[in-house]
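Counting starts at 1 for both ligands and their atoms, following the listed order.
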Amino acid sequence: MAEASTRPLRVGVLGCGMISGNHFSAWSRCQGAQVVAVCDPVAERARQRAAEFGIAASYGSPQEMLAAEGLDAVDIVTPRETHADMIRLAARHGVHALCEKPLCPSLDEAQALLEDVGSRIHVMVNENWRYRAYFRQIAQWLYEGRLGQPVQARIALWRSNMLRREDGLVTSLTRQPFLARESRVLVAESLIHELDVARALFGELEMLACSLGRASEHIRGEDNAVMLLRAPGGLSVVVEGSMTAAGYATRAPDRVEIAGTRCSVTLENGTLRLFGAEEQTLHYDEDAVRQACFDDAVQHFTDRLRAGRGDFWTSASDQLGSLRLMDQAYALAGAIRPLQDTARPRHAPPAIGSAHAGEAQAIPA
Ligand SMILES: NC(=O)c1ccc[n+]([C@@H]2O[C@H](COP(=O)([O-])OP(=O)(O)OC[C@H]3O[C@@H](n4cnc5c(N)ncnc54)[C@H](O)[C@@H]3O)[C@@H](O)[C@H]2O)c1
């Protein structure tokens with residue numbers, strides 16, 4: 001499908017697991033495309049999604065689906081280690097691909113994949129967080145120079161999703177059991193989104209340092225990460241996350257702080273503030289933003305394909321920049337070690353004087 005198209009695209013979805021629900025919802029609202037077939041090796045999962053979203057055909061094999069359906073595009077929502085095979089299969093059928101992140105488990109595999117595929121098909125990566133309305137607003141403010149000179153930035157994702165809950169379950173592993181066997185967890189699965197957003201806001205970043213740790217006994221990889229990056233021009237950016245931060249929600253959203261010489265920006269719990277030389281406060285419904293970024297990514301993919309174009313905002317070649325940072329983070333951090341309970345003062349602080357105005361007053365609950 002090289003030429004601009006006037007008919008709806010015929011789309012097949014590969015993978016009917018946890019995050020596919022957001023994809024199917026997005027496709028159901030997409031203008032100019034229709035999901036006509038779904039596929040999952042767990043055939044019952046494919047049948048269920050087909051019934052739920054009124055899709056005509058379900059398959060247990062990607063090869064069969066691609067051979068039978070005359071598709072224009074596939075949406076690949078399968079585990080990271082299968083993405084390259086799925087894209088190569090799509091390329092053999094001349095079918096364009098939207099693929100979940102990370103495009104591949106490592107930069108080398110992604111580079112080899114893109115060399116193989118060449119210009120046979122267009123490939124976009126579902127780096128959907130970049131499409132979130134508040135990040136696009138921050139990008140707009142930066143673009144307009146409203147912050148003056150940005151001098152320092154921090155993006156933080158603190159959650160409690162790898163802590164055992166009262167019912168004995170671990171939220172993250174209930175949603176994504178495969179994370180238990182991965183050696184790359186927080187950065188490869190989640191913070192790759194924040195790295196991608198940071199690149200979209202500040203340009204190609206250099207990874208200076210990375211520290212990774214594991215607090216959970218349920219996984220092999222890391223559940224805590226701090227990365228220090230430098231943007232062109234010298235701006236320092238910290239991207240960090242915790243999956244074991246008690247008291248934080250299991251799906252707590254990103255917190256952002258950007259210091260600028262004219263205005264600074266904060267994002268916390270869906271409230272975005274620009275303040276300093278001017279003031280603006282915007283509120284976002286976090287649940288709506290979470291789904292809307294899938295809707296917008298899917299619509300962008302469809303619009304570009306229907307126009308006969310492959311210059312996606314989050315193209316596969318753009319993703320190489322995020323995968324490079326991801327690989328560098330793991331290389332700089334070295335072996336991921338269990339966190340030891342030694343990071344606390346060796347002595348209690350001395351008691352000094354009597355109560356006065358500078359002492360804390362407990363707020364009644
Ligand atoms: N963009 C986001 O916000 C976001 C969020 C979560 C997960 N993801 C990504 O989405 C992908 C899937 O994650 P998930 O959490 O839904 O995983 P999951 O394990 O819940 O689902 C994956 C599904 O793919 C199926 N599958 C495996 N091999 C297949 C094949 N060859 N063909 C068709 N189906 C196949 C599995 O049977 C399973 O049903 C991963 O790359 C993950 O990193 C992205």
- Note on the structure: Out of Lys101, Arg49, Glu44, Arg80, the nearest non-hydrogen contact to atom 8 (N) of ligand 1 is supplied by Lys101
- Heteroatom proximity flag, Leu14 to ligand 1, N/O under 3.5 Å: no
- atom 17 (O) of ligand 1: which protein heavy atom is closest, and how many Å away? Phe178 CE2, 3.6 Å
- Note on the structure: atom 26 (N) of ligand 1 has as its nearest protein heavy atom Pro41 CD, 3.6 Å
- Query: If we only count heavy atoms from C-beta on, is the His218 to Arg164 side-chain gap below 4.5 Å?
  - Reply: yes
- Greater than 12 external heavy atoms within 6.0 Å of Glu204's CD: yes
- How close does the nearest protein non-hydrogen atom get to atom 38 (C) of ligand 1, and which residue and atom is it? Arg45 NH1, 3.1 Å
- Item | Backbone of Ala288 reached by a side-chain donor or acceptor of Asp285 within 3.5 Å | yes
- Which residue owns the protein heavy atom closest to atom 21 (O) of ligand 1, what's the atom, and how far is it? Gly17 CA, 3.3 Å
- Message: Out of all atoms in ligand 1, which are within 4.0 Å of some heavy atom of Glu189? Include the element for each.
- Response: 6 (C), 7 (C), 8 (N), 42 (C), 43 (O)
- Query: Nearest protein heavy-atom contact for atom 27 (C) of ligand 1: which residue, which atom, what distance?
  - Reply: Pro79 CD, 3.4 Å
- Message: Please list, in number order, the atoms of ligand 1 under 4.0 Å from a heavy atom of Gln176.
- Response: 6 (C), 7 (C), 15 (O)
- Item | Side-chain heavy atoms of Glu100 within contact of Ile76, under 4.5 Å | no
- Message: Which residue in the set Trp313, Tyr131, Phe294 passes ring-ring contact (aromatic ring centres under 6.0 Å, His included) when paired with His300?
- Response: Tyr131
- Mind checking whether Arg175 has an N or O less than 3.5 Å away from an N or O of ligand 1? no
- Side chains of Gln319 and Ile192 in contact at under 4.5 Å (non-hydrogen atoms): yes
- Task: Would you mind running through ligand 1 and noting each atom that sits below 4.0 Å from a heavy atom of Asn128?
- Result: 1 (N), 2 (C), 3 (O)
- Query: Do the numbers put Arg273 on top of the ring of Phe275, so that NZ or CZ is under 6.0 Å from the six-membered ring centre and no more than 45° off the axis?
  - Reply: yes
- Query: Do any nitrogen or oxygen atoms of Met86 lie less than 3.5 angstrom from nitrogen or oxygen atoms of ligand 1?
  - Reply: no
- Query: Apart from Leu228 itself, what residues make up its hydrophobic cluster when side-chain heavy atoms of I, L, V, M, F, W and Y under 4.5 Å apart count as a link, directly or indirectly?
  - Reply: Leu208, Val226, Val238
- Message: As an exercise, identify every atom of ligand 1 less than 4.0 angstrom from a heavy atom of Asn126.
- Response: 1 (N)
- Any idea which of Val13, Val74, Asp40 brings a heavy atom closest to atom 25 (C) of ligand 1? Asp40
- May I ask you to test the Met124-Ser315 pair for a side-chain heavy-atom distance under 4.5 Å? no
- Message: Give the atom numbers and elements of ligand 1 that come within less than 4.0 Å of a heavy atom of Gly15.
- Response: 24 (O), 33 (C), 34 (N)
- Note on the structure: Among non-hydrogen protein atoms, atom 40 (C) of ligand 1 lies closest to Thr78 O, 3.5 Å
- Would you please say whether a donor-acceptor pair under 3.5 Å links the side chains of Arg49 and Ser58? no
- For Trp129, the ligand 1 atoms with a heavy-atom partner under 4.0 Å come out as 3 (O)
- Ion pair present between Glu182 and Arg220, side-chain N to carboxylate O less than 4.0 angstrom? no
- Taking only Lys NZ, Arg NE, NH1 and NH2, and the carboxylate oxygens of Asp or Glu, determine whether Lys101 and Glu127 approach each other closer than 4.0 Å. no
- Message: Quick check on Glu127 - does any of its heavy atoms sit under 4.0 Å from an atom of ligand 1?
- Response: no
- Query: Which atoms of ligand 1 have any heavy atom of Val77 under 4.0 Å away?
  - Reply: 12 (C), 22 (C), 24 (O)
- Query: Based purely on interatomic distance, does Thr82 place a nitrogen or oxygen under 3.5 Å from a nitrogen or oxygen of ligand 1?
  - Reply: no
- Task: Could you list the atoms of ligand 1 found under 4.0 angstrom from a heavy atom of His83?
- Result: 41 (O)
